[in-house]
2 protein chains.
Amino acid sequence: MAFVYEYARPSVTVDCVIFGLDDDGLKILLIQRDAEPFEGGWALPGGFVEMGESLDQAAMRELQEETGVHEVFLEQLYTFGEVNRDPRTRVITVAYYALVNLKDHKVEAATDARAAAWFELDDLPTLAFDHDKILQMAQERLQGKVRYQPIGFELLPEKFSLRQLQRMYEIVLGRSLDKRNFRKKALSLGVLEDLNEVERDVSHRAARLYRFDREKYQQLVKDGFNFEL
Amino acid sequence: MAFVYEYARPSVTVDCVIFGLDDDGLKILLIQRDAEPFEGGWALPGGFVEMGESLDQAAMRELQEETGVHEVFLEQLYTFGEVNRDPRTRVITVAYYALVNLKDHKVEAATDARAAAWFELDDLPTLAFDHDKILQMAQERLQGKVRYQPIGFELLPEKFSLRQLQRMYEIVLGRSLDKRNFRKKALSLGVLEDLNEVERDVSHRAARLYRFDREKYQQLVKDGFNFEL
DNA sequence: ACAAAAGTGTTGAACGTACACCCATGC
DNA sequence: GCATGGGTGTACGTTCAACACTTTTGT
């Protein structure tokens with residue numbers, strides 16, 4: 001198409017910061033690059049946006065290709081467009097972040113040829129390109145958003161105990177919370193469905209299990225309610 | 001450069017939602033298109049990202065070209081990449097929003113050939129492309145952010161009265177606020193510098209003037225303080 | 001019986017909300 | 001003197017923060 005401009009134009013990619021939570025804490029998925037630049041280095045999974053797909057679709061496709069997961073929380077983070085962020089040529093990347101729980105979804109670290117691995121957030125290798133900046137912004141977004149939007153549930157299995165919920169908040173926010181106050185607040189929001197079930201195979205008193213009630217949440221939002229903490 | 005990919009690639013533009021506040025309320029700046037598609041229609045100011053400039057730089061440049069302003073608040077909003085959002089070809093646009101006050105800066109509606117005009121937010125023409133969607137998201141972002149970040153000051157002149165400050169919040173948030181509570185809260189934050197000056201040329205008792213103290217704000221943030229309303 | 005985590009209430013402080021009148025100034 | 005907006009305080013209810021012990025269950 002000649003209508004627009006015939007000048008050189010930037011390439012556009014998507015990159016995904018994939019957060020996963022398990023018993024060890026919060027992790028992110030990195031892939032090992034098999035080509036220059038940064039060959040052998042670790043980077044966020046990502047790739048070029050194709051002409052026939054939207055940005056969201058491109059991010060979902062990459063996520064699927066790299067991890068095998070689908071139907072997970074995925075949201076655009078920010079677009080990075082510094083001129084020299086890629087040493088080869090001009091590349092603008094639209095960054096996304098995803099939240100998955102590592103228990104429910106059996107996340108395949110990689111379905112394509114490249115090595116991939118989960119890294120603890122406090123034990124990361126050096127990242128390629130400006131991916132450390134992207135990761136940092138993703139962490140800030142997650143910390144900021146988890147407090148006023150019910151996205152934290154995406155990091156937990158479908159059924160969870162209040163202890164697990166609290167632990168998730170403590171890990172994401174990076175500080176400890178008071179148990180009694182947390183339970184009071186969490187239950188008072190009215191979006192936790194008591195499943196009348198308890199944990200199994202634990203070597204101590206079993207905790208009640210809850211589920212996040214999406215419909216109730218939507219209803220409350222419609223009535224002008226504000227989720228917080 | 002042949003390193004990356006030789007396939008067709010999307011074009012990348014920036015578009016700016018420019019909010020301006022004056023006595024009539026909150027307005028945005030639109031330009032009238034002088035080419036197909038949507039020739040003669042109103043659209044957000046914007047243009048192609050050049051190879052030698054970052055996204056922020058591209059947005060600043062467009063802003064300058066369209067309005068003559070510089071040194072204003074400008075922040076990335078979201079990137080829109082639906083496949084058919086531009087009927088000609090694949091165009092991904094990185095949207096920004098800017099906040100200016102229409103008193104301090106004498107905003108030139110346009111320095112290039114195209115017509116441009118300020119529109120009241122509740123009296124807008126139909127917009128080209130998906131610009132109504134972009135505008136809507138910008139409004140939501142502004143409403144959400146003004147409450148926990150001191151960006152509202154960007155819509156006011158350097159020196160302002162508490163009444164002006166309250167009016168700005170009322171306009172942005174779309175609801176009225178209690179005068180005494182607002183003043184108490186605003187002053188208690190400790191980021192308003194009392195200039196020991198009063199309004200001039202008003203036909204009633206003159207109000208004290210204040211200035212937003214950026215340094216004090218930075219200091220408080222460093223000490224772990226949270227701006228809110 | 002002991003280890004481990006589940007579960008539960010109260011109090012004081014801080015904050016948000018609702019509300020009405022007098023004051024200063026310009027015309 | 002009147003119209004316009006400037007400026008101020010209090011009381012109540014709600015929410016947040018701090019804090020420790022008993023119960024249940026598995027080993």
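Computed from heavy atoms alone, side chains included, the values below leave out hydrogens, waters and symmetry copies. Below, chain A is the first sequence line, B the second, and so on; all start at residue 1.
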Task: side chain to side chain contact (heavy atoms under 4.5 Å, CB included) partner of Tyr210(B), the single match among Leu187(B), Leu156(B), Val191(B) - done: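 Of Leu187(B), Leu156(B), Val191(B), side chain to side chain contact (heavy atoms under 4.5 Å, CB included) with Tyr210(B) is met by Leu187(B) alone.
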Open item on the list: Can you confirm whether the side chains of Gln136(B) and Glu140(B) place a donor and an acceptor under 3.5 Å from each other?
Closed with: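 Looking only at side-chain atoms, Glu140(B) and Gln136(B) do form a donor-acceptor pair, the distance falling under 3.5 Å.
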TODO: Consider the side chain of Ala207(B), meaning its heavy atoms from C-beta on, and name the nucleotide among dT17(C), dG7(C), dG6(D) that approaches it most closely.
DONE: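 Of dT17(C), dG7(C), dG6(D), dG6(D) is nearest to the side chain of Ala207(B).
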Task: Residue Arg205(A), side-chain heavy atoms: nucleotide from dT17(C), dT25(C), dT23(D) that is nearest - done: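 When the side chain of Arg205(A) is considered, dT23(D) is the closest of dT17(C), dT25(C), dT23(D).
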Would you kindly give the [atom1]-to-[atom2] distance between [X] and [N], to the nearest whole Å?
| X | N | atom1 | atom2 | answer |
| --- | --- | --- | --- | --- |
| Asp178(A) | dA13(C) | CG | P | 18 Å |
| Leu177(B) | dG16(C) | CG | P | 13 Å |
| Asp201(A) | dA5(C) | CG | P | 16 Å |
| Asn181(A) | dT8(C) | CG | C1' | 12 Å |
| Arg163(A) | dT23(D) | CZ | P | 20 Å |
| Arg180(A) | dT22(D) | CZ | C1' | 12 Å |
| Phe182(B) | dG5(D) | CZ | P | 17 Å |
| Leu187(A) | dT8(C) | CG | P | 8 Å |

Task: Within-4.5 Å side-chain heavy-atom neighbours: Phe19(B) and Ile28(B) - done: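 Yes, close enough: below the 4.5 Å cut-off.
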- [ ] Side-chain contact test, heavy atoms from C-beta onward, threshold under 4.5 Å: evaluate it for Val12(B) versus Thr93(B) and give yes or no.
- [x]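 Of all side-chain heavy-atom pairs linking Thr93(B) with Val12(B), none is under 4.5 Å.
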Task: Nearest-nucleotide 5' precedence on DNA chain D, Lys184(A) against Val202(A) - done: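 Whichever sits nearer the 5' end wins; that is Lys184(A).
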TODO: Give Lys179(A) one of three labels, base, sugar-phosphate or nothing, depending on what nucleic acid heavy atoms sit under 4.0 Å from its own.
DONE: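 Base: the residue Lys179(A), judged by heavy atoms under 4.0 Å, touches a nucleobase.
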TODO: With DNA chain C as reference, determine whether His204(B) or Arg183(A) sits nearer its 5' end, using the nearest nucleotide of each.
DONE: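 Its nucleotide being nearer the 5' end, the pick is Arg183(A).
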